[in-house]
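Letters go in sequence order (proteins before strands), and every chain restarts at 1. The shown structure was predicted, so the numbers you read here are calculated from the model rather than taken from an experiment.
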Amino acid sequence: MRMSQLFYYPQKEIPKDVEAISHILMVKSCMVERVASGIYDFLPLGFRVLKKIEDIIRREMLSIGAQEVLLPALHPSELWKITGRWDDYGEELFKLTDRHNRTLCLGPTHEEIITTLVKAKINSYRQLPFMLFQIQTKFRDEPRPRFGIIRCREFIMKDLYSFHADEDSLNDGYYKVYYAYKNIFDAIGANYKIVEAASGPIGGDVSHEFVIIAESGEDEIAYCSSCSYSATTEMADYNPVIVEDNESELPLEKIHTPGLKSVEEVSEYLNIPPSKLIKTIIIKADGRNVALMVRGDSEVNLNKVEKLLNAREISLLEDTEGSLPLGFVGPVGLENIEIIADPEVKGIKNGVVGANIQDYHYKNVNIGRDFIPDRFYPIRKVKDRDLCPRCSKELVVSKGIEAGHIFKLGTKYSEPIGAMFQTPTGELKPVIMGCYGIGVSRLVAASIEQNNDRNGIIWPRNIAPYEIYILPTDWANESIRNFAETLYKKLLERGYEVILDDRDERAGTKFVDADLLGIPLRITIGNKFVKSDIVEIKERKSSEVEEIPSEELILKLKEVL
RNA sequence: CGGGGCGUAGCGCAACUUGGCUAGCGCGCUUGGUUUGGGACCAAGAGGCUGAAGGUUCAAAUCCUUUCGCCCCGACCA
């Protein structure tokens, strides 16, 4: 590509409110252009990167035997009503009505469509297993689009669906995809973690997320600094450590704490650290009230409680439900209600809890003397530097971008839709399914989040829009120009993806653009070439410059690329 | 959905509080000249229905109402 022809209009000034590094760099480097909130144009440079990522994904999908299909973006409402998701999916579903007053939605995901297809074509175990995938635009009416292309209302996603006759086969398929995903994320050059995850509204039991470590991520994950354990903080376990306070028990004391409900308020008012407070919250689990206790500097992980209680539905108790003075609840004298405490609570001597009386707390509360929890169980959210549940080394809590998510769906969709097959014994069974997504457009941004410096993007070679940037410092100089042109043609012939900066710009401008665009290799043809036939090769990533005689250039490129 | 903020040239912003000449500045763009290895300089230009609708007024970018769009923070922790 000739720079003079490229649809490239770098922006020096970008809006103040653009936050994420990837967003800033993508706007600056003219990769994308915002059309509306959460809706973007992909411009030539951005689109090339998108295509490269797509190709990597496609190659891996094909290699595990999946076949590519293209499914509609427009879905009739009936399909979504069958699975109940017309209502369950909520406001994120883009709904619309056609001229005949038929209701439709723009597909946020394609389980309904693909399962209906399978219903139409599959009726025997002999046809199973198989996998289909699609790479296409999906739509979600996000409550708040954010971080440029990372959280959009319209975005490109790869979805693979697998169909099986039994659990073993599903498991087989699941791990085939799991390893294909590893290959993909490795090929893209991402720093990522595979974490055990909650399956969310898509459903199913087993699930892994592929998370790209990045500050602007909206996922929070915990991973072990030593072994391979990792999970979302929703799911993560930890090895509880009980630190016994080393002090003697003081007499219980009731204190007036008018209007002070939160841990911070009470802690500040009494000048006692939050770790000495015991937070007590009341939840409703399938209609039954349960009290949960954690140390004041911790947070309850409701996800864990839900699992522990094996409850279908749990929620925090509302002010209007029951007679407890919310904000002043404590375990002392709390009756007819199960109390579950985090093991950490055991270590607290002379703690502070709510008194179950409006505007009062108790000081110097001691476990055993003043109250006894019904059971201890680690129910708080993990924190940075907690101990790994497997190897007891320290965990790291970090933010990341959810880039891939794989689920075992089971028969969640095949059953209601009626995608059945006949077993060898003539039985009719619903097809067992798996579903496996990758946020393709999001990966473009995620990669930039990890690969940049103050001058711009640093593309990993596999997904760079071009491999080589030929930079003639003075386009008006005939010998420079001739050499650059010849080099450009030679490299194209040899199959390299090359940019030739044939603009009549000052050298400085070209250097700045080359850095911003982050093309892995830059070849500078300047005054050293004019004087002594020397050209420069610079690697964007390491900033290493090598000067070599011009006639050795092509050979040298073979070596480094 | 709750709270806050912003819509003025392609982009980034000023002028609005206290209404009043031709709505400014920077980037980018056009023309000419000088420059030419890290976002050059000088000169001359082009480019605006001040988001939209209504109102107040002799007079509205500016005040009022409505509406549309955009951004940020929050959205179960006691």
Side-chain angles (χ1 to χ4, degrees), chain A residues 8-20 23-24 27-30 33-39 90-91 143-148 153 257 259-267 274 277-284 291-303 305 313-319 321-322 324-331 334 342 352-356 358-359 361 379-381 454-456 471-477 480 501 503-516 522 524-531 534-536 538 543 545 547:
Chain A
Y8 171 69
Y9 306 99
Q11 211 166 296
K12 282 187 195 171
E13 288 166 302
I14 52 143
K16 286 245 173 343
D17 46 37
V18 171
E19 276 296 324
H23 192 192
I24 292 172
V27 169
K28 262 187 139 173
S29 63
C30 200
E33 174 79 5
R34 199 179 65 85
V35 175
S37 176
I39 302 175
E91 307 240 278
R144 180 134 91 92
R146 233 193 287 224
F147 301 130
R153 294 193 291 173
T257 50
L260 305 176
K261 292 182 164 195
S262 71
V263 166
E264 296 78 54
E265 287 164 348
V266 175
S267 161
L277 273 59
I278 306 172
K279 208 189 272 189
T280 308
I281 71 172
I282 312 291
I283 57 157
K284 234 174 33 176
L292 306 172
M293 298 180 64
V294 295
R295 224 166 62 181
D297 57 350
S298 299
E299 286 180 25
V300 170
N301 183 342
L302 286 183
N303 201 48
V305 176
E313 210 191 325
I314 64 172
S315 59
L316 293 175
L317 197 70
E318 299 283 335
D319 265 316
E321 304 173 287
L324 290 165
L326 298 183
F328 302 96
V329 176
L334 195 63
D342 189 88
V352 175
V353 300
N356 292 324
Q358 186 73 34
D359 294 336
H361 279 77
I379 50 169
R380 69 161 171 84
K381 237 177 113 181
R454 93 175 69 76
N455 294 324
L471 195 157
T473 58
D474 182 4
W475 193 245
N477 180 302
I480 288 179
D501 197 341
R503 293 175 300 173
D504 198 11
E505 291 285 349
R506 295 162 60 90
T509 303
K510 296 185 178 187
F511 286 129
V512 168
D513 278 335
D515 283 348
L516 175 62
R522 185 184 83 192
T524 309
I525 303 155
N527 44 28
K528 281 176 208 143
F529 172 77
V530 178
K531 279 189 213 130
I534 296 282
V535 296
E536 275 175 22
K538 184 183 178 192
S543 290
V545 178
E547 300 190 347

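- Residues A:Lys12 and A:Gly508 both approach RNA chain B. Their nearest nucleotides, taken by heavy-atom distance, put A:Lys12 toward the 5′ side.
- With C1' as the reference atom, B:G5 and B:U18 are 23 Å apart, rounded to whole Å.
- Among the heavy atoms of the strands lying under 4.0 Å from A:Val300 is at least one base atom, whether or not backbone atoms are also near.
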Q | Strand RNA chain B as a dot-bracket string - pairs counted if Watson-Crick or G-U with both distances under 3.5 Å, | where the partner lies in another strand | A | (((((((..((((......[...)))).((((((.....)))))).....(((((..]....))))))))))))....
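- Distances shorter than 4.0 Å separate none of the side-chain N or O atoms of A:Thr524 from OP1 or OP2 on B:G37.
- Note on A:Arg522: a base of the nucleic acid sits closer than 4.0 angstrom, heavy atoms only.
- B:A15 and B:A60: their C1' atoms are spaced 14 Å apart (whole Å).
- Proximity note for A:Lys28 (side chain, C-beta onward) versus B:G39, B:C77, B:U36: the nearest is B:G39.
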Q) Could you write nucleotides 4-12 of chain B as a row of B, S and -, 5' to 3', where a protein heavy atom under 4.0 Å of any base atom gives B, of only sugar-phosphate atoms gives S, and otherwise -? A) -------SS
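- Shown here are the side chain to side chain donor-acceptor pair (under 3.5 Å) partners of A:Ser29, two or more places apart in sequence or in another chain: there are none.
- Note on A:Asn455: nothing from the nucleic acid sits closer than 4.0 angstrom, heavy atoms only.
- Side-chain nitrogen and oxygen atoms of A:Arg144 include at least one within less than 4.0 Å of the OP1 or OP2 phosphate oxygen of B:C73.
- Among the heavy atoms of the strands, none lies under 4.0 Å from A:Ala476.
- Place A:Arg146 and A:Asp513 on RNA chain B by their nearest nucleotides, and A:Asp513 ends up nearer the 5' end.
- Note on A:Thr473: a base of the nucleic acid sits closer than 4.0 angstrom, heavy atoms only.
- For B:G37, the OP1/OP2 oxygens have no side-chain nitrogen or oxygen of A:Lys510 closer than 4.0 Å.
- Between B:A44 and B:C25, the distance separating the two P atoms is 12 Å to the nearest Å.
- Proximity note for A:Val512 (side chain, C-beta onward) versus B:C71, B:G37, B:G39: the nearest is B:G39.
- Taking the salt bridge (Lys or Arg N to Asp or Glu O under 4.0 Å) definition, one finds that A:Lys381 meets it with A:Glu220, sequence neighbours left out.
- In this structure, A:Asp474 reaches neither bases nor backbone, as no heavy-atom distance under 4.0 Å exists between it and the strands shown.
- Qualifying side chain to side chain donor-acceptor pair (under 3.5 Å) partners for A:Asp513, counting only residues two or more places apart in sequence or in other chains: A:Tyr8, A:Arg503.
- Looking at residues two or more places apart in sequence or on another chain, you find a side chain to side chain donor-acceptor pair (under 3.5 Å) between A:Asp297 and A:Arg295.
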